[in-house]
Structure formats: structure tokens, C-alpha cells
Asks: 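The following block contains the structure, expressed as C-alpha cells.
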Amino acid sequence: MTEAVRMLPQSRTAWVALAAGAGVLAVLPWVVTPYYVGLLTTAMIGAMLALSLHLLVGATGLVSLGHGAFYGLAAYTVYLISPEGAPRPVWQTLPLAMLAAGLASLVVGALSLRTKGFFFLMVTLAFGQMIFFVFHDTKLGGGTDGAYLAKPLISAFGLTLEPQSLPRSQRAFPAYYVALTQLVATYLALAFLLGSLFGRVLEGIRVNEHRMVAMGFNTNRYKLAAFVIAGMLAGAAGHMWSLHSGFVNPELVGWHKSAEALLMILLGGIGSLAGAIAGAFAFYALGEVAQQVTERKLLVEGVVILCAVLFLRNGLMGIGSPRKRRPPQQAAVTGVPAAGKAGAHG
Amino acid sequence: MADAVVSRQAVLATEGLTKSFGGLTAVRDVSLSLHVHELHAVIGPNGAGKSTFVNLLSGQLLPSRGRILLEGRDISGTPAWRMAHLGIGRSFQRTNILKPLTVLENVRLATQAVHLPARSVLGAPKRQTALVETARRAIDRVGLGSAEHAVAGELSHGAQRQLEIAMTLAIDPKVLLLDEPLAGMGQEEGARMASLLKSLAKEHALLLIEHDMDFVFRVADRMTVLVEGAVLASGPPSEVRANAAVQTAYLGGHA
Amino acid sequence: MSPSAIRRSAMAGFLSQLLNGFQYGLLLFLIASGLTLIFGVLGIINLAHGSLFMIGAYVTFLVVKSTGSLWLALPVAIVSGLCLGVLLERFLFRRFYHREHLDQVLLTFALILIFEELRSLFVGNDFHAVPVPAALDFSVPITSGFSYAAYRFVVIAVCLALAAALFYWIERTRMGAVIRAAAEKPEMVDVLGIDARRVHLTVFAVGAALAMTAGALAAPLTAVYPNMGDGLLIISFVVVVIGGLGSVSGAFWSALLIGLIDTLGKAYGSTLAVGGIGGVLSAAASMSVYILMVVVLLFRPTGLFGGRT
């Protein structure tokens with residue numbers, strides 16, 4: 001039949017492996033210390049952010065340096081509607097957080113998508129910085145120090161799960177399992193999206209947008225849809241962060257966050273959804289190992305990233321794969337990859 | 001023969017079409033008409049504005065002045081992506097296919113662009129048999145049936161040019177705009193393409209740009225000669241060939 | 001205070017900020033000019049450029065701490081900048097000319113982490129003041145109510161001198177002509193038979209040296225502290241975009257513009273509260289620069305001050 005999109009698991013074994021991975025994650029909290037439960041939750045949140053970015057970068061070929069801002073904006077939204085001492089249930093905070101992220105990405109996307117390549121990178125960076133300064137310079141979100149928020153209540157049908165009511169060793173469990181559920185749901189949603197006809201269009205846009213336009217696709221609409229969906233998913237990840245940490249600060253909306261997200265998908269391999277998850281886990285595992293082995297965690301991270309960019313061009317999932325990585329967003333008419341010199345635009 | 005052509009309605013027509021870039025006028029006041037079941041060739045020296053003209057017709061460029069009419073309706077200013085929906089298909093001079101994807105996927109996407117209702121966009125490709133059927137028909141029509149699952153980027157040059165045509169056919173076009181379909185082809189491939197184009201002309205309306213004079217004079221029903229962006233002559237090949245101005249400006253004396 | 005005294009004081013404050021903005025803009029120019037050449041000629045997005053600024057500042061701190069002389073620090077910064085630029089190009093960036101932007105972003109991001117950690121390893125994480133040389137530690141009176149730090153005038157003078165030298169080099173020398181051509185049409189360099197490698201090395205070395213020099217000059221003004229290059233990095237990209245990619249003259253005017261907007265905006269916006277929320281004007285001032293960048297990117301991507309060097 002038609003060629004299956006490479007993003008998704010190719011075979012039954014691959015799906016089984018993924019299910020097994022989820023199974024392992026489901027069981028882990030009962031066998032590791034609470035510290036690791038918390039760390040794994042953080043890794044899963046990172047994986048959600050990486051998955052959302054994959055929709056933009058890996059699937060559609062849009063490299064954005066402002067994606068982290070939607071993540072942080074969602075967390076700040078939770079703070080704004082439920083500051084310390086005034087918690088709200090998840091079924092209120094999650095939709096509002098995703099809505100805020102979605103609206104922001106609609107505005108940013110509508111403007112940014114008029115540009116391509118390096119200029120798109122810069123425009124998304126600029127918008128990310130604007131959002132950053134709103135929270136960094138004003139007292140809206142507690143300024144540079146950040147602020148504590150009231151963690152969203154895990155409640156439904158009148159019943160609330162109070163983490164404090166659980167034995168100490170299990171207090172991190174609710175957040176963990178919510179995160180795991182959300183991660184699996186995000187993965188499945190994206191797998192469905194990318195496997196659909198919509199996903200095929202995104203793939204075509206990544207490969208040769210100019211031709212897709214000539215064929216009759218209103219590519220701007222598709223790109224904007226991808227941008228907003230990715231923004232909302234990033235918002236869902238940011239919401240999960242607020243549930244997990246109970247704290248917001250400007251770092252969540254800074255460009256370093258966006259760079260980190262890019263890093264995670266590079267580490268895992270841009271070519272697949274599972275790569276985004278693998279990359280996120282690898283990133284946090286790396287940080288953990290670096291911290292145990294030496295005090296110079298960032299140095300080790302920096303060196304590993306350097307080596308990954310130099311040698312591991314297809315990421316972890318691509319080890320042993322001879323296929324060259326497809327370049328993101330080719331430049332308009334000439335079909336030349338966007339990684340050209342500035343002179344290309346005249 | 002000429003009378004019969006003129007009396008049929010023009011599928012695609014331009015009136016005084018002009019395109020300027022700053023101080024440079026690339027296409028100057030071009031009026032021509034394309035009729036159903038006609039193969040109309042546009043020829044001219046390099047830099048004559050032929051590619052610009054096709055870009056205007058397919059919506060990649062906006063006209064500075066003049067109109068484009070599709071079956072009598074003014075479609076000037078239609079954005080490029082809408083053109084395919086109106087029934088104007090276009091192929092490119094420099095092969096412009098989706099290289100990492102298969103032949104079938106290339107053409108299936110081309111079909112999807114125009115034939116898939118928006119509400120079905122989340123459907124699974126496997127379920128959309130209608131799209132695949134249409135795509136297969138177009139692929140067979142150009143003679144690529146055996147290469148359905150080949151990766152487009154790995155095809156021979158000639159096969160890629162055939163793929164270009166298939167992608168244009170997938171939208172059930174009223175008009176095919178073909179930019180140098182024979183470019184880079186050898187003898188045999190060129191002959192095959194020529195007979196394909198002739199048979200396509202019997203079912204659609206073809207406007208093509210070409211440099212291969214033998215091919216053009218053999219195959220075209222009508223010709224238009226563009227020199228420096230303006231029409232120098234237009235009419236059936238025999239007339240154009242006999243035109244003195246065309247002979248000096250372009251054919252270099254040997255006609 | 002009498003009304004005229006208030007006016008004079010406000011005027012003095014304004015002139016002071018104006019000069020500060022001018023001086024900040026000139027430092028920005030030193031950083032941005034290297035960045036725009038590196039992107040224009042080599043096609044490399046170098047996020048680590050801010051780190052070079054930081055290294056220049058710390059080198060200065062160390063030189064001053066061990067020899068007590070700021071005058072020595074400047075040539076040391078320039079020379080070590082040239083060397084570092086050569087090393088980075090030769091062993092690292094050379095492989096990235098044809099890589100995607102994503103790879104370049106991540107590579108240079110990794111370099112930021114590495115440089116910061118190396119700095120932490122060798123010098124620690126403390127905030128260090130760098131003393132202005134005694135000879136320059138005074139204020140130059142301009143008018144009866146207003147005087148300005150002598151050292152800042154020196155910074156302005158040095159920056160202008162370097163800018164002039166850079167312009168001369170780009171406009172009048174053979175290498176400069178090659179660089180201008182390469183920024184416009186990279187393929188031309190090979191066609192003309194010029195050793196592309198030498199051009200690349202030169203551009204990188206000069207760019208790095210300029211960034212480090214900016215750091216050296218700025219050290220006594222801002223003190224040295226962790227991540228000091230981060231803010232300047234992003235603003236430098238704004239300068240490059242607004243000035244036009246690959247254009248040194250564009251970078252000059254846009255750096256002055258941004259320097260003034262940023263300084264004046266922060267000076268007058270930080271204390272006022274709007275609608276009960278503190279810092280709104282300050283945020284607006286910070287955002288204004290990015291809003292300008294977005295406007296330029298959407299409507300005039302070739303830059304406001306367009307044209308090549």
C-alpha cells in the first residue's frame with residue numbers, strides 16, 4: 001500500500017516494546033526510592049514537551065526556538081488561577097492552561113509562519129523572549145524569584161485524591177501516575193495524528209513545501225494547525241509541571257527551555273516519536289549520572305551534547321541506521337535546504 | 001483546421017498579461033488562448049519570459065497588469081494553492097517531486113489535495129481507497145505502473161519527469177501547464193514522452209514550454225513565440241514557421 | 001529644589017542615559033559585527049558568541065588581578081580572542097558549514113554550557129568587581145550640572161576606533177573585499193580561486209576577538225559574574241537581524257538604535273508601576289526591542305539598514 005510514515009513504530013514488535021516500556025514505568029514507583037519517582041516524573045514531563053516539539057520539528061520541519069514559552073505560560077496560568085492556598089481541580093486547570101497555551105501559539109504562529117528557516121528561528125525566539133520578559137520583569141508571576149502555586153487537585157465526581165493522606169513513601173505516586181497517563185495519551189494522540197492523512201500532509205510539507213503548494217495544499221493552514229496543536233500539548237506538559245512541582249519561575253519560559261527541548265529530540269532521534277521520549281529520558285539520565293559522578297554536571301552535559309551533535313546525527317534511535325537525516329523545511333523556490341548562507345535570501 | 005480550433009471555447013486565456021519586477025518587464029502584454037483538446041506550445045529564446053509566464057498562470061506570481069480567464073471566468077490573483085482546485089495542474093522544469101516518498105505516495109498526495117473533503121483529514125490513509133484508485137489511474141496513464149512502490153528520488157530522470165506528469169493528472173485537470181517536460185531526456189525517453197503528451201492532449205488542454213523544436217513542430221496544434229516577454233507570433237506551426245520575423249529572431253534561418 | 005534645578009537634574013540624568021545608551025550600543029556593535037560576519041559569510045548561527053564576551057571579561061579580570069594593569073588586559077583579550085577563534089574554527093566549526101541550523105544551535109548551546117562550567121571550574125562562581133585604572137577613575141565635567149565617567153568615554157573612544165578599523169578593513173583591503181563578496185555569494189570565493197579556508201579562519205578569528213574585546217572593555221563597568229553573556233547574546237541576534245544579515249554597517253546603526261532604546265527604556269521604566277503591577281514599563285521596554293525585531297522580520301527581513309558592508 002502507501003508507504004507508512006516512518007515516525008511511527010513499524011511493526012508489531014515495536015508496538016509491543018512500547019507497551020512493555022509503559023508497563024515498566026507503571027511498576028517502577030513500587031521498587032525505587034521516592035527521589036527517583038520524582039525524577040522519573042520530571043523526565044516524563046520532559047518527554048511530553050519533547051513529543052510536542054517533535055510535531056513541529058520532526059514531522060513538519062519547523063525548527064522553533066520559542067516552544068518552551070508555551071510550556072511555561074501554561075504553568076504560569078495555573079499559578080494565576082490558583083495561587084498558593086487556593087487550589088483548583090485538574091478538570092479546571094488543565095483546560096485553561098491548554099487554552100492559554102493554544103491562544104498564545106495561535107497568535108505567535110499566525111505571525112511567525114510567514115517566515116521560514118533562520119528567520120522563523122529568530123521570530124519564534126523573539127516571541128519567546130517577549131513572554132519571558134512579561135514574567136521576568138513584572139510582578140505578575142512573582143518576578144525573577146518565581147512563586148509557589150496551589151497544586152491542582154486530582155479530583156473527579158466529588159472525590160479528591162490528597163497526596164498528603166498517603167504514606168510518605170507514596171506521596172509522589174499520584175503525580176507520577178497522572179504524568180504517565182498523560183504521556184501515554186499524548187503519544188497515542190500524536191501517533192494517530194501523524195498516521196492520518198493530516199500527518200501525510202505535514203510530511204509532504206517537511207519534504208518539499210513548494211511542491212505541496214503547487215499541488216493544491218494551503219500549507220499555511222496546515223502549519224498553523226500543527227503549531228497550535230504543538231503549543232497546546234506543550235501547555236499540557238507545563239500544566240503537569242505545575243502539578244508536580246508546585247512552583248513557577250521565569251526559567252520555565254526562557255529560551256534555554258526551548259533549547260533543552262530541541263536537545264531532547266536530537267538526542268533521541270528526530271525521525272520518530274519514540275525518539276522524543278527516549279531523548280527526554282536520556283537527557284535526564286545524563287544529568288543524574290553526571291551529578292553522581294562529578295560536581296560538574298553541566299560540563300558533562302555540554303560535552304555529551306557536543307559529541308551527540310558531532311557523531312550521533314540520527315540520535316539514539318538512529319544508531320546503526322544508515323539513512324541520512326532529512327533536512328527540515330527546505331527554502332521556498334529553489335528547493336535548497338534551509339541551512340544555506342545568509343546570502344541566499346539576497 | 002484553424003477555423004475549427006478558433007470556434008471552440010477557450011479553456012484558458014490571458015488578456016494583456018504583464019509582469020514587471022522593478023524596472024524589468026519580464027512578460028509584456030501577452031494575450032493568448034488555449035482551447036480544449038489543444039496542445040499549445042510556447043517557445044522562445046532563453047530569458048524570453050516563458051517560465052515567468054507559466055508562473056503567472058499557475059499563481060506563483062501575481063500579474064502586474066492584465067487578466068487570466070478560466071472558461072471565461074476571471075481568476076487573476078488566485079493564490080497558487082487554489083489553482084489546482086480550479087483544475088489547473090502544473091509540472092516543473094527542474095524536477096520538483098517529493099523525493100523520499102514513493103511514486104504512489106507522491107501521486108496520492110496530489111490527489112488528496114484536491115479530492116479529499118476537509119472533514120476527512122484525520123482519516124487513515126489505508127481507508128481512503130478512492131484516493132489510491134485515482135492515483136493509480138494517473139500513474140498507469142503515464143506508464144509508471146510498475147514503479148508504484150519505488151522511491152521517487154531513486155527513479156531515473158525520465159521516470160521522474162513521468163511522475164511529474166502523473167502528479168498533474170491526479171487532480172483531473174482541465175488544463176495542464178507543463179514546463180519543459182522533455183528537459184534532460186534522451187532519444188527514446190523523449191519519444192515516449194512525446195507520444196504520451198500527444199495522447200493527453202486528446203483528453204485535456206495542454207500548454208507547454210519547450211526548447212526541442214523538432215518535437216514542437218511535430219506535435220503542437222498551435223504555437224506562440226515569445227521574445228523579450230512579448231508575443232512575436234501566434235498560430236498553427238506552419239504559419240509560425242513561415243513567419244519571417246520569427247525566422248530571424250529565433251529559428252536562425254533554418255526552418 | 002527649584003524648578004530650574006529639577007530641570008537641570010533631569011537633563012543631566014537624561015544626557016547620562018543617552019551616553020550610556022550610546023556606549024552600550026557600541027559594545028553591542030563589537031559583538032554583533034562578529035556575529036553578522038560569522039553568519040553572513042560562514043552561515044553559522046553561533047549562540048556561543050555571548051560566551052566569548054564572558055571569556056573576554058574574565059580574562060581581563062584575571063589580568064588585572066595578577067598584574068594590576070587594565071591596559072595590558074586589552075591586547076591580551078584581543079590576541080587570545082584571535083587564537084580562540086582560530087582554534088574553534090579549525091577543530092569544531094569547520095564541520096558545521098553544511099549542517100542544519102538545528103545542529104548549529106545545539107552545538108553552540110553545548111559550548112555555552114561548557115564555557116560556563118570551565119569558567120566555574122577555574123575562577124569560581126563569585127561576582128567580581130574589576131577596578132577602573134586609577135588614571136581614569138574620575139568624572140569629566142561636561143556642563144555645570146553634569147559630568148560623566150572618564151572610563152566610559154575611553155570605552156566609547158576605543159569602540160569607535162575599532163569600528164573605524166573594522167570598516168577600513170572591510171571596505172579598503174583585499175581580504176575585506178573577499179569577505180564582502182563571500183557574504184553576498186559564498187560560492188564566488190571558490191570560483192575566484194581564493195583559499196576559502198583562510199577566509200573562514202579570518203572571519204572567525206576577527207569575530208571572536210571583537211567579542212572578547214567587548215568583554216574586556218565592559219568588565220570594569222559591569223563586573224564579572226556567571227552567565228553574563230546570556231542577555232547580550234540574544235540582543236546581539238536582534239541587532240544582527242535588524243541591521244541585515246552579513247552587513248557590518250547595518251549592525252553598527254542597529255546596535256546604536258537598540259542600545260539607546262534598551263538603555264532609555266530600562267532607565268525610565270523600572271520604577272513605575274502600572275495598574276498595580278510593578279515593572280510593566282520595564283517589561284515593555286525589554287519587549288520593545290523584540291517587537292521591533294518581529295516587525296522587521298515580517299516586513300523587511302533584509303534588515304532596516306539593509307545593504308551589504
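Proteins come first, then strands; the chains are lettered A, B, ... in the order of their sequence lines, and each starts at number 1.
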Asks: Sort C:Ile45 into side chain, backbone, both or neither according to what part of it lies under 4.5 angstrom from a heavy atom of chain A.
Replies: side chain

Asks: Against chain C, work out which of A:Leu121, A:Ile131, A:Leu262 has the most heavy-atom pairs shorter than 4.5 Å and name it.
Replies: A:Leu262

Asks: So for C:Ser288, is it side chain, backbone, both, or neither that comes closer than 4.5 Å to the heavy atoms of chain A?
Replies: neither

Asks: Which class fits the ring pair C:Phe252 and C:Phe29: parallel under 30°, tilted 30 to 60°, perpendicular over 60°?
Replies: perpendicular

Asks: Could you look at C:Phe96 and say if it's the side chain, the backbone, both or neither that has a heavy atom under 4.5 Å from chain A?
Replies: side chain

Asks: Verify whether the ring centers belonging to C:Tyr290 and A:Phe127 lie closer than 6.0 Å.
Replies: no

Asks: For the interface with chain A, which of C:Val241, C:Asp230, C:Thr36 has the highest count of heavy-atom pairs at distances below 4.5 Å?
Replies: C:Asp230

Asks: Is the distance from the ring center of C:His200 to that of C:Phe93 below 6.0 Å?
Replies: no

Asks: C:Leu106 versus chain A, heavy atoms under 4.5 Å apart: side chain, backbone, both or neither?
Replies: both

Asks: C:Ile291 versus chain A, heavy atoms under 4.5 Å apart: side chain, backbone, both or neither?
Replies: both

Asks: Would you say the side-chain atoms of C:Thr108 pair up with the backbone N or O of C:Asn46, donor to acceptor, closer than 3.5 Å?
Replies: no

Asks: Is A:His136 in contact with chain C via its backbone, its side chain, both, or neither, using a 4.5 Å heavy-atom distance?
Replies: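 It is neither, since no heavy atom gets under 4.5 Å.
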
